[in-house]
Amino acid sequence: MPDVIVIGGGVIGLSIAWELAGKGLSVRVLEQGAFGREASWAGAGMLPPGNLANAKTAEARLRGAAHALWPDWSNELTSRTGIDNGFIRCGGIELRMDDAGGPQSSYQLELAALKSEGVTIETEDVSEVRRRFPEISAEISSAYYLPDFHQVRNPRHLQALLAGCAMRGVELQAGCPVQQIQMKGERIQAVQTGSDTHQGAEYVFAGGTWTGQLLSQLGLTVQIEPIKGQIVLLRAEPLPVRSVIQVGRQYLVPRADGRMLVGSTEERSGFDKRNTAGAVGELINFAQRLVPALKRATFEKCWAGLRPFSTRGRPYLGRLPQFANATIAAGHYRYGLQQSSITAVLIRQVLLNQPVLLPDELNLADSVTE
Ligand SMILES: Cc1cc2nc3c(=O)[nH]c(=O)nc-3n(C[C@H](O)[C@H](O)[C@H](O)COP(=O)(O)OP(=O)(O)OC[C@H]3O[C@@H](n4cnc5c(N)ncnc54)[C@H](O)[C@@H]3O)c2cc1C
């Protein structure tokens, strides 16, 4: 019987398995489909900077702690598996094309929050940004540059996590949908996948946007909804810009091999992952307007994924207070790639009864109701 059964093989479940197995625990991961093919594969891999020391919100604390962890986290995974996950410090430009400039605009509020966190902002002079990035449209009205913005290539990172987990002896079982949870008193006794029964000492629920559905059979209300995000992939050689560019919720993410990701949408359409002509057209227009040289880019493909949106405004992390041996790590919405490192560390601290880095983020007493 493994020490821990992890339910869900996205970036969250696999990162937890990698971390726990690294501390000598035996781990089995049950994945209903193929490993790492849902939101974690679809995401853009942006890892924005943060600073835990001055962070005031849950999002900022998780971002700050994750930012500090990522270089070593990535380095250990890459050096142990030999798989390059594409983690680089690429820098990020946040800009507006028609910002009224008022102190209450979302742009100004985000800039002020980053300043109060003490995140390094190299310039907030729009003419300096225009000079450094001449391929960006002259229409921009405001801009600042974050030198410590990182990115990772999700599919490669997932491949590295899978290889790393296998090297550490994690049992990886794909095509295993957990359908039933068997209880004995306040303990989970087993989970059932088809005709197979899996018993572990501890259970970690990391099923992304499906987690609420699964836990509802225990009478728990965990409010996580799917929010569709569509992405278009262009090929642009030479790359007109090498830093991530964000304009509110839309962005360009250049990859080192000449590809350019264009994202994204936020749509409530249930579990439907199809691309729509309207959204793809809008993303391509956005890209061409922002960087006119992208008119010459070629279209490679498009896809969509389901972000696990937690209606409480932050992920569900920590022990489920109703049970003796159940932990949850789900609902990371737009930030799950970035927060995967800190999530894995926090869940390891919980399961091994170690001092917890962010205790406030692990209190679920009022959030998971019966
Ligand atoms: C378009 C888009 C862009 C994004 N960009 C970024 C970004 O730039 N930076 C960032 O940090 N984040 C980004 N995200 C968000 C990030 O991708 C998610 O927050 C993250 O992938 C969530 O990981 P997860 O492991 O919880 O979920 P998932 O990747 O969805 O994995 C959950 C897994 O659990 C499995 N599962 C569910 N139920 C069961 C069951 N009953 N039994 C067995 N298995 C089960 C599923 O099959 C799935 O594989 C983006 C997301 C999208 C869609």
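Just so you know, ligand 1 is whichever comes first in the structure, and atom 1 is the first atom listed for that ligand. In what follows, residues are counted from 1 in the order of the sequence shown. Because the structure is predicted, anything quoted here is derived from the model rather than measured.
Nearest non-hydrogen protein atom to atom 48 (C) of ligand 1 is E31 OE1, 3.4 Å.
In this structure, Y144 has its ring center closer than 6.0 angstrom to the ring center of Y107.
At under 3.5 Å, a nitrogen or oxygen of G336, whether backbone or side chain, sits near a nitrogen or oxygen of ligand 1. Checking only distances, I7 never comes within under 3.5 Å of ligand 1, N or O to N or O. Between T209 and ligand 1, no N or O atom pair is found at a separation short of 3.5 Å. For ligand 1, the polar-atom distance check finds an N/O of G45 within less than 3.5 Å of one of the ligand's N/O atoms. Between G36 and ligand 1, no N or O atom pair is found at a separation short of 3.5 Å. Taking only nitrogen or oxygen atoms, main chain and side chain alike, R37 does not reach within less than 3.5 Å of ligand 1. Annotation: I12 places an N or O atom under 3.5 Å from an N or O atom of ligand 1; distance criterion only.
Residues that satisfy the ring pair (Phe, Tyr, Trp, His ring centres under 6.0 Å) test with F133, not counting sequence neighbours, are Y145.
Counting only distance, with no hydrogens or angles, the side chain of T81 and the backbone of L77 share a donor-acceptor pair below 3.5 Å.
More than 12 heavy atoms of other residues, nucleotides or ligands shown are found within 6.0 angstrom of CD on E267.
Close approach of ligand 1 to Q338 is summarised as follows: ligand atoms under 4.0 Å from at least one heavy atom of the residue are 10 (C), 11 (O). Close contacts between ligand 1 and G208 involve ligand atoms 26 (O), 27 (O), 32 (C) [criterion: under 4.0 Å to a heavy atom]. Shown in contact with G305 at under 4.0 Å from a heavy atom are these atoms of ligand 1, numbered in order with element: 53 (C).
For residues 173-182, the pairs satisfying side chain to side chain donor-acceptor pair (under 3.5 Å) are Q182-Q192, with sequence neighbours left out.
Y316 carries R312 over the face of its six-membered ring, with the cationic atom under 6.0 Å from the centre and within 45° of the normal.
When non-hydrogen atoms are compared, ligand 1 lies under 4.0 Å from neither the backbone nor the side chain of F35.
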